[in-house]
Amino acid sequence: MLQIGITPDIWTYNTLMHSYFKSGNPGEAYKIFQDEIILKKNISPCHATFNIMINGLCKNGCIGNALMFFRDLKQQGYDLDIVTYNILISSLCKARMWKSMMSLLEELSVSDHEPNAITYTAVMKACFRRKHFREGLEIFLEMKSKGYAYDLFSYCTVVGALLKSGRSQDTYSLIAHMIKIGYELDIVSYNTLINWHCKERKIENAYNLSIVAKERGLKWDAYTHTILINGLYKSGDFDGAQRHIDHLETTTFDSLVTTNCLIDSLCKFGHLEYALHVFRSMVVKDSFTYSSMVHNLCRARKYRLASQILLSCIKAGFKTLKSDRRAVVKGLSLTGSKKDVMRHKLRIQTAKLLFLRNK
């Protein structure tokens with residue numbers, strides 16, 4: 001541009017800085033801001049310039065630098081808009097920097113700007129994440145009183161928080177309000193409620209609710225099936241969980257994701273033998289199925305069995321994770337002999353060669 005006599009304007013630099021941030025080069029973006037905009041003083045930055053800088057720094061993990069940059073701008077007398085505050089508040093929430101977020105929120109309250117729906121939603125989610133349900137619900141009610149519209153996802157967030165805090169009556173009141181103002185519950189909303197019934201060991205209620213969802217034309221997704229199967233398993237109905245899995249295999253539904261989630265849950269809750277039973281009964285497996293079993297068997301110090309499953313994974317033509325291979329070798333070296341380790345490595349190498357030959 002400079003060579004052909006075109007003078008860059010502020011949007012040229014904005015685009016260039018945004019590109020640097022997107023490519024993971026926050027230092028180069030900041031250099032453009034300092035050298036080309038601030039030092040030369042022939043181009044005036046706009047709100048978008050500041051927002052690109054702050055958002056880019058936050059997205060690249062430099063939240064502390066973004067906060068200092070924000071403070072410097074305020075000290076220099078630049079007018080910052082609500083979008084700038086929202087970017088920082090949202091980023092601080094995601095980084096779990098609670099005190100900094102609350103401090104910035106207080107600054108916003110005494111500024112000339114009014115918090116909007118984005119501000120309230122970010123703070124509300126941060127409250128729920130820290131299990132400050134009362135404060136989160138207060139923010140939700142304040143937002144409603146000011147007439148801001150919530151989307152369905154935000155309502156589901158509040159429903160989930162109410163259920164976690166044990167306020168079932170308030171939950172149903174909120175759902176009734178959602179339906180009254182015209183929201184149609186989607187499968188995510190139903191999954192949240194089904195999950196709550198399963199946690200309360202009310203499996204019959206969970207199934208009844210899932211049937212209601214189906215009658216309203218909603219299709220069960222992998223999470224619906226996983227929640228129901230986990231609910232049956234946690235209530236001790238292993239046969240019922242297996243029947244549900246068997247039923248999935250007779251339908252066109254891809255049950256692999258659901259079964260993988262179940263195996264991982266069974267392992268985490270200490271039911272390794274039943275997880276192995278489900279694993280061995282599976283007709284179709286993928287790399288995640290094998291990896292989940294290997295990882296959890298290593299955690300249970302069953303390294304020989306983990307070695308066998310790792311070997312069967314390679315024979316089936318799936319790639320294995322380096323962390324899984326390392327965990328098995330380390331476990332065998334701790335509990336077995338050097339010969340066991342060498343035998344394992346030889347079997348793995350042979351399986352790889354045979355697979356490549358037959359490919």
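Along the sequence shown, the residues carry numbers beginning at 1. Every heavy atom of this structure was used, including side-chain atoms; hydrogens, water molecules and symmetry mates were not.
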Looking only at heavy atoms, which two atoms of [X] and [Y] are closest? And how far apart?
X	Y	result
Pro115	Tyr120	O-CE1, 3.9 Å
Tyr290	Ala316	OH-CB, 3.8 Å
Arg325	Thr320	NH1-O, 2.8 Å
Asp324	Ser291	OD2-OG, 2.7 Å
Trp11	Ala48	CH2-CB, 3.4 Å
Thr119	Ile89	CG2-CD1, 3.9 Å

Would you sort out whether His225 and Thr259 count as a side chain to side chain contact (heavy atoms under 4.5 Å, CB included), showing the intermediate values? CA-CA 9 Å; His225 290 290; Thr259 314; over 6 Å; no
Using only atom types and a distance under 3.5 Å, with no angle test, would you say the side chain of [X] pairs donor to acceptor with the backbone of [Y]?
X	Y	result
Asn25	Glu28	no
Ser235	Gly231	yes
Ser292	Thr289	no
Ser307	Tyr303	no
Ser103	Ser100	no
His113	Tyr85	no
Asn208	Glu204	yes
Ser333	Val329	yes
Asp264	Asn260	no

Is there side-chain contact between [X] and [Y], with heavy atoms separated by less than 4.5 Å?
X	Y	result
Asp237	Ile203	no
Ile118	Ile82	no
Val212	Arg216	yes
Ser210	Trp220	yes
Arg326	Leu321	no
Met293	Cys267	yes
Cys58	Leu88	yes
Val188	Tyr223	no

Pairs meeting criterion side chain to side chain donor-acceptor pair (under 3.5 Å) with involvement of residues 89-99, two or more places apart: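 Counting only pairs at least two positions apart or across chains, no side chain to side chain donor-acceptor pair (under 3.5 Å) contact touches residues 89-99.
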Would you mind listing every salt bridge (charged side-chain N to carboxylate O under 4.0 Å, His left out) that reaches into residues 330-348, with sequence neighbours excluded?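 Residue pairs with at least one partner in residues 330-348: Arg304-Asp340, Asp340-Arg343.
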Return the set of residues passing side chain to side chain donor-acceptor pair (under 3.5 Å) with Thr335 (not counting sequence neighbours), or none when no residue passes.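 Residues passing side chain to side chain donor-acceptor pair (under 3.5 Å) with Thr335: none at all.
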Residues in side chain to side chain donor-acceptor pair (under 3.5 Å) with Asn55, at least two apart?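 Checked Asn55 against side chain to side chain donor-acceptor pair (under 3.5 Å); zero matches.
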Residues, nucleotides or ligands: over 12 heavy atoms within 6.0 Å of Asp112 CG: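 No, because the 6.0 Å sphere around CG of Asp112 holds 12 heavy atoms or fewer from other groups.
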Does CG belonging to Leu305 count more than 12 external heavy atoms closer than 6.0 Å?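 Atom CG in Leu305 is packed in, count exceeds 12.
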Give every residue pair that meets the ring-ring contact (aromatic ring centres under 6.0 Å, His included) criterion with at least one member in residues 186-205, sequence neighbours excluded.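 Residue pairs passing ring-ring contact (aromatic ring centres under 6.0 Å, His included), neighbours aside: none found.
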Please report the interatomic distance [atom1]([X]) to [atom2]([Y]), rounded to the nearest 0.5 Å.
X	Y	atom1	atom2	value
Leu80	Leu73	CG	CG	5.5 Å
Ile52	Cys46	CD1	SG	7.0 Å
Ile63	Met101	CD1	CE	12.5 Å
Ile194	Leu228	CD1	CG	5.5 Å
Tyr30	Asn60	OH	CG	15.0 Å
Ile10	Thr15	CD1	OG1	9.5 Å

So Phe50 and Phe33, would you call those rings parallel, tilted or perpendicular, with 30° and 60° as cut-offs?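 Phe50 and Phe33: perpendicular rings.
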Salt bridge (charged side-chain N to carboxylate O under 4.0 Å, His left out) involving Glu107 - partner list, sequence neighbours excluded: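 Partners of Glu107 under the salt bridge (charged side-chain N to carboxylate O under 4.0 Å, His left out) test: Arg71, Lys74.
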Before you tell me yes or no, could you show the steps for Val328 and Ile348 under side chain to side chain contact (heavy atoms under 4.5 Å, CB included), namely the whole-Å CA-CA distance, both residues' side-chain angles and the distance that decides it to 0.1 Å? CA-CA 11 Å; Val328 171; Ile348 294 294; over 6 Å; no
Steps toward side chain to side chain contact (heavy atoms under 4.5 Å, CB included) verdict (Ile211, Lys214): CA-CA 5 Å; Ile211 290 166; Lys214 189 176 279 188; 5.6 Å; no
Between His18 and Phe21, does a ring pair (Phe, Tyr, Trp, His ring centres under 6.0 Å) hold up when you go through it step by step? CA-CA 5 Å; His18 178 70; Phe21 280 127; 8.1 Å; no
Stepwise side chain to side chain contact (heavy atoms under 4.5 Å, CB included) check, His344 with Leu310: CA-CA 10 Å; His344 166 76; Leu310 192 68; 4.0 Å; yes
Flag this pair as yes if the NZ/CZ of Lys285 is under 6.0 angstrom from the six-membered ring centre of Phe279 and inside a 45 degree cone about the axis; otherwise no.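 Yes, Lys285 sits over the ring of Phe279.
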Examine the side chains of Asp9 and Thr12 and answer whether a donor and an acceptor come within less than 3.5 Å of each other.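 A donor-acceptor contact under 3.5 Å links the two side chains.
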